Structure formats: C-alpha cells, structure tokens
2 protein chains.
Amino acid sequence: MTRSQIDWALWRTFLAVADCGSLSAAARHLGLSQPTVGRHIEQLETSIRRRLFLRSQQGYLPTEEAAALMTEAKDMAFVAESLERRASASTNDASGIVRLAASHVVGTEILPWLFGPFMEAHPGLEVELALGNSNADLFRHEADVAVRMVRPTQDNLLARRIGTAFAGLYARTEYLDRHGRPKMLADLSGHRLIGPDRDAASIGFLEGLDPALSRRSLRLRCDSEAAQLTALRAGLGIGICQRGIAARDASLEAVLPQSFRFPMECWLVTHDDLRHVRRIRLLFDHLASTLPEWL
Amino acid sequence: MTRSQIDWALWRTFLAVADCGSLSAAARHLGLSQPTVGRHIEQLETSIRRRLFLRSQQGYLPTEEAAALMTEAKDMAFVAESLERRASASTNDASGIVRLAASHVVGTEILPWLFGPFMEAHPGLEVELALGNSNADLFRHEADVAVRMVRPTQDNLLARRIGTAFAGLYARTEYLDRHGRPKMLADLSGHRLIGPDRDAASIGFLEGLDPALSRRSLRLRCDSEAAQLTALRAGLGIGICQRGIAARDASLEAVLPQSFRFPMECWLVTHDDLRHVRRIRLLFDHLASTLPEWL
DNA sequence: TATCCATTAAACAATATTGAATGACCCGCT
DNA sequence: AGCGGGTCATTCAATATTGTTTAATGGATA
C-alpha cells in the first residue's frame with residue numbers, strides 16, 4: 001500500500017529549505033525553529049544516504065540531487081494543499097475554496113466579469129484564480145476547475161464543451177489610421193506584427209496558419225499573450241486576439257476579418273470525482289452558462 | 001509557498017486507515033501503534049473540522065467526505081513513493097529502482113524478454129513494472145518511463161517515437177480449421193468475435209474501423225486485452241492482436257490480413273527533468289533500441 | 001577596522017508524541 | 001453459552017521531538 005518509509009513531513013521542510021535558501025528562513029516560513037528544520041534535513045539526508053544541501057554561513061545551497069527532486073516535492077505540496085482545501089469544506093455545502101485555472105488572457109480579460117453575481121449568490125465561496133498556460137494544472141492538483149482551449153485528452157476528467165472562441169487579427173484604430181489598413185494577407189508583411197517569442201507551440205501554430213507568419217516576421221515577440229494584448233491596445237502593431245475580447249474594446253479594430261479567422265474550442269474541465277462536490281459543481285455550472293457569450 | 005498547515009504525515013495515516021479499514025490494521029501496516037494512529041485521525045478531524053470515519057468495534061468506516069479525498073491521498077502516496085525512490089539512488093549511478101509503465105499486453109508479452117541482457121549489464125538496477133491502461137501514470141508519478149500507444153500530448157514530457165505496431169485479426173489455427181477461414185469482412189459476422197466489454201475508448205475505436213463491429217457483434221467481451229489474447233490462444237474465436245505478438249506464437253494465424261490492419265504509433269515517454277538521471281536514461285535507451293523489433 | 005546583521009551549530013530543558021498495557025466491546029465459531 | 005480473535009478507548013510512563021539559548025562564523029557597511 002504505502003511503501004514509503006520516510007516521514008512525509010520531512011519532504012515538506014525539504015521543500016521549504018530549498019525554496020527559502022536557508023534553515024532560518026524556512027523555519028520562519030514553516031513556523032518551526034531553525035534547529036528542528038536543520039534536524040529534519042539531517043534526518044532526510046541520512047535516510048536517503050545522500051547529501052541534499054551544501055552548508056554555509058550564508059545558507060543552504062541545494063545540490064544537483066536536491067534540485068532533481070524539486071519538481072516532485074512541489075507536486076507533493078500541490079497535492080497536500082489541494083487535499084487540505086477539499087477536506088476543509090463539506091462536500092455539499094456552498095462554501096469553501098474553489099480553485100480555477102485558466103490562461104492569463106482569459107483570467108484577466110473575461111473571468112473577473114463573471115464572478116460578480118456568482119459571489120453575490122454564494123457568500124460562503126472563495127474563488128482562487130490560477131493563471132498559466134500549462135494544461136498540467138488539473139493533474140498536478142493546482143486547480144479544481146480549468147478553462148482550456150484544447151480538448152482535454154485525459155480520461156478521469158469531466159469535460160464540457162463551452163463553445164468556440166474565434167481569434168483574429170486586431171490593431172488599435174490609431175495605429176491603422178497612421179500605418180494604413182491591410183487589404184490582403186500580403187499587406188501584412190509591411191506591418192509591425194506582434195506575436196509569440198519562443199513558445200514552440202504558438203509559433204508552429206502561427207506558421208501553420210500562413211507560412212509567411214514566421215517568427216522573424218514578427219516585430220514584437222513575447223510569450224505572454226496578456227502582454228501581447230496590452231501591446232495591441234498600446235497601438236504597437238497588429239496581433240492576434242480573441243474576437244470576444246476585442247469586441248469589448250472600442251479602441252481595437254479587426255484586421256482582415258474575412259481572411260484571417262480561426263476557431264478555438266473552449267472547454268470546461270474538472271476531475272471526475274469532483275462532480276458531486278457542491279461548490280465545484282456550482283462554479284462549473286455557472287461558468288458553463290455565462291462563459292459562452294464572452295467568447 | 002506552502003500554505004498547507006496540516007502535517008503531511010497525517011494524510012499518510014489517513015490513507016492507511018481508509019485502506020486497511022481499521023486503526024489496528026493501519027497501525028500494523030505503518031509500523032505504529034494503534035493509539036497513535038487513532039490520535040492522528042482525531043487530529044486530522046479536528047484540523048479540518050469534519051468527521052472522516054464512522055467508529056465501530058469492527059473498524060473505521062470512511063465517510064463520504066473521506067471517500068472523496070481518497071484519490072488525492074493516493075496521489076500523495078504516489079508522489080511520496082516516487083520521491084523516495086528517486087532520492088535514494090544517485091543521479092549518475094547505474095543503480096536504484098526504475099519503474100516502467102506499460103499496458104498489460106506489452107508488459108506481459110514483450111517487456112520481460114527485453115530485460116535479460118539489460119539486467120545482466122546493470123546489476124545494481126531494479127526494474128519495476130507498473131501495468132495498466134491509464135496514461136495518467138507518468139503524471140501521477142506512478143512510473144519513471146512509460147510505453148504508450150498514443151502520442152503523448154502533455155508538455156514537460158520527453159517522448160520518443162519507437163515505431164509503428166500493427167494490429168490485426170487473429171485466431172487459433174484449430175479454431176479456423178473448425179469454423180472456416182473468413183474470405184471477406186462480411187464473413188466475420190458469422191464468427192465468434194472477441195473484443196472489449198465496456199471500455200468506451202476501445203469500443204468507439206472498433207466501430208470506427210468498421211461499423212459492423214459494434215459491441216453486440218462480439219461474442220466474448222472483456223476489457224482486459226491480456227485476457228482477450230489468452231482467449232484467442234485458447235481458440236475461443238477471432239480477435240485483435242498486435243502483429244509482433246501473434247508472429248511469435250505459432251498457434252495463431254492472421255485473419256483477413258490485407259483488409260484489416262491498423263497501425264499504432266508506439267512511444268517511449270519519460271519526464272523531462274529525468275532525462276539526465278542515469279538509470280532512467282539507461283532503461284529508456286535500452287528500450288528505444290530493443291523494442292522496435294518486437295512490435 | 002569595528003560593528004551589525006544574517007547565518008549555522010551545539011547543549012539543555014520543556015514539551016509533545018509515542019508505545020505498552022489494560023478493559024470493554026462485538027462477531028463468529030464451536 | 002462460552003471461547004478466541006478481532007476491534008476501539010483510556011491511562012501512564014518512556015521516548016522522541018521540539019524550542020530556547022548560546023556561541024561561532026562570515027559578509028556587508030560605515
């Protein structure tokens with residue numbers, strides 16, 4: 001069943017020391033004393049017969065071996081946190097914490113607008129937003145519900161198709177007034193284009209749309225879509241934006257809307273076994289009903 | 001960083017009690033005494049202000065709330081185990097435990113044959129086989145390396161395409177002697193077909209190949225592919241089998257090999273950050289070089 | 001160079017955790 | 001009905017863990 005011999009608590013202080021960089025800092029963070037934290041590390045090191053930190057008067061420096069364990073230790077922390085969160089609220093109460101994962105853009109541009117009436121209706125509920133682009137978050141227990149733009153493949157996930165978001169090219173009206181409005185795709189080459197930097201997925205996606213849209217053809221490159229959006233709004237050039245978001249911004253104007261438009265399926269995802277947890281169900285259903293009109 | 005307040009060790013005994021069904025059994029299993037296990041549960045329950053077990057003289061029965069936490073608690077155990085395993089062996093030693101995930105069929109029919117020379121060459125290495133059909137195992141830290149028949153979608157995974165395995169219809173020669181050899185697809189309907197039971201993915205897949213292959217057309221249904229294979233070998237009927245496996249079994253004979261043959265990409269997958277861990281790399285490379293000829 | 005602020009390490013006392021032992025209970029079996 | 005095997009709860013002493021305090025060390029700063 002459980003074959004592990006090492007006290008799980010030791011991993012927790014291991015993580016804290018590695019993150020904080022010193023016994024003392026970790027101790028403050030964990031609410032323990034510096035000697036105990038030191039003893040925990042000692043204990044862990046003798047258990048695994050391996051040195052995890054280089055000691056110095058300036059703090060504890062993780063060895064390579066310790067660094068290799070960090071991702072897993074973090075996972076452990078995620079699970080613990082999630083476990084605690086789920087345990088602290090009843091299954092069928094409309095109270096507790098719900099953690100929602102989404103991309104930066106969706107999380108900043110759309111979601112906040114949807115929470116007003118929801119939080120009004122359920123005063124006991126707390127919502128946490130975990131923004132990022134990884135789809136791993138549901139698996140790593142970083143969130144209870146996720147808004148995703150790709151169809152989830154994993155089983156043991158409950159997914160509902162919310163609708164289709166369309167993305168297109170947009171630019172600030174002032175920019176277009178000054179630099180002209182492209183009439184055809186070829187006109188784009190003369191423009192300041194905004195797009196991804198080194199994110200392989202996005203670049204590949206862009207080139208798939210039109211081979212002319214290589215990475216080098218972009219004048220402003222940034223992997224943060226939120227920053228790209230702000231750049232658009234600042235009038236720096238032409239870039240990709242979701243139609244729904246652009247539509248709600250009077251300063252933005254569509255560019256070549258008929259020749260450049262691609263759909264993105266939008267999915268709402270949660271863990272299978274959380275289906276019947278009241279607070280999660282509430283958020284899930286609320287998003288399912290309100291999100292579509294924002295796409 | 002770590003917002004959890006609850007001692008991680010408590011979750012460990014929580015899991016043990018829920019799994020074992022009683023304080024005493026859990027205590028034996030954990031190497032603790034029955035009173036401490038009881039105190040742990042008490043402590044956990046007061047921490048989360050929720051009752052996790054129904055007490056009785058016959059043992060501790062998990063409440064619904066506790067049941068809802070089980071998957072996560074198990075995940076925690078997986079991570080802890082994996083952490084311990086990875087920590088106990090040096091990054092650049094050819095020693096320690098490597099855990100390999102694969103389907104039941106691959107794990108029973110192919111992999112054992114590949115380990116001989118490998119374990120000979122690396123006496124310090126221990127190999128664990130985690131057989132199952134879920135692709136979640138890498139994520140849930142159940143394994144270090146996985147053999148998968150679908151292209152892995154997650155990022156932060158290192159995947160190498162091993163080759164293409166072909167699957168086709170096969171039956172035992174005796175069966176075909178007695179019941180005749182189908183000459184065309186339509187002939188199949190008169191035969192005893194062996195296939196999946198309720199596994200939605202497999203059923204959908206089968207129907208996609210040929211609409212005639214509905215679930216009802218199957219005479220022996222079982223979700224275990226290994227059992228299907230044994231049924232084939234027992235001469236119970238016609239079923240799907242990987243070409244490589246069937247080729248090594250003289251009693252099996254291909255059925256309609258030209259009209260029914262579908263490819264499955266075979267992938268070797270590991271975590272990104274484990275690329276440089278010696279023992280994992282060794283297994284990965286060994287499989288990459290020996291597996292293709294067995295497909 | 002002297003001082004201050006951070007760190008780790010060591011020693012000892014306070015505290016919390018644990019285990020052993022016990023009694024009470026329930027179930028199934030003979 | 002009585003017995004054996006399993007369970008849980010309680011008590012108290014043994015033990016292990018923790019915190020406090022101290023001293024020593026290194027780096028930054030004036």
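Just so it is clear, the structure is predicted and the values come from calculations on it, not from any experiment. In the text below, chain A, chain B and the rest are named by the order of the sequence lines, each starting its count at 1.
Nucleic acid contact class of Ser24(A) (heavy atoms, under 4.0 Å, all strands): base.
Partners of Arg50(A) according to the side-chain hydrogen bond (donor to acceptor under 3.5 Å, both in side chains) rule, which considers only residues two or more places apart in sequence or in another chain, do not exist here. For Arg99(A), the side-chain hydrogen bond (donor to acceptor under 3.5 Å, both in side chains) test picks out Glu128(A), with sequence neighbours left out. Taking the side-chain contact (heavy atoms from CB on, under 4.5 Å) definition, one finds that Ala9(A) meets it with Asp7(A), Asp7(B), sequence neighbours left out. Remark: Leu54(A) engages Leu61(A), Thr63(A) in a side-chain contact (heavy atoms from CB on, under 4.5 Å) (not counting sequence neighbours). Arg39(B) is linked by a side-chain contact (heavy atoms from CB on, under 4.5 Å) to Pro35(B), Thr36(B), counting only residues two or more places apart in sequence or in another chain. Remark: Ala94(B) engages His122(B), Arg278(B), Leu282(B) in a side-chain contact (heavy atoms from CB on, under 4.5 Å) (not counting sequence neighbours). Remark: Glu109(B) engages Arg233(B) in a side-chain hydrogen bond (donor to acceptor under 3.5 Å, both in side chains) (not counting sequence neighbours).
The CG atom of Leu61(A) sits 12 Å away from the P atom of dT8(C) (whole-angstrom rounding). To the nearest angstrom, P of dT7(C) lies 15 Å from NE2 of His29(A). The interatomic distance linking Ile41(B) (CD1) with dT17(C) (P) rounds to 15 Å, in whole Å.
For His40(B), a side-chain nitrogen or oxygen approaches OP1 or OP2 of dT18(C) to under 4.0 Å.
For DNA chain D, the outermost nucleotides in 5' to 3' order that have an atom under 4.0 Å from a heavy atom of chain A are dT18(D) to dG27(D).
Each of Val277(B), Leu125(B), Thr270(B), Leu274(B) was checked for a side chain to side chain contact (heavy atoms under 4.5 Å, CB included) with Val98(B), and the lone residue meeting it is Leu125(B).
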Set out, line by line, the N/O atom pairs under 3.5 Å between protein and nucleotides 19-26 of chain C.
{"from": "dG19(C)", "atom 1": "OP2", "to": "Ser33(B)", "atom 2": "N", "distance (Å)": "3.0"}
{"from": "dG19(C)", "atom 1": "OP2", "to": "Ser33(B)", "atom 2": "OG", "distance (Å)": "3.1"}
{"from": "dG19(C)", "atom 1": "OP2", "to": "Thr36(B)", "atom 2": "OG1", "distance (Å)": "2.9"}
{"from": "dG19(C)", "atom 1": "N7", "to": "Arg39(B)", "atom 2": "NH2", "distance (Å)": "3.0"}
{"from": "dC26(C)", "atom 1": "O3'", "to": "Gln58(B)", "atom 2": "OE1", "distance (Å)": "3.4"}

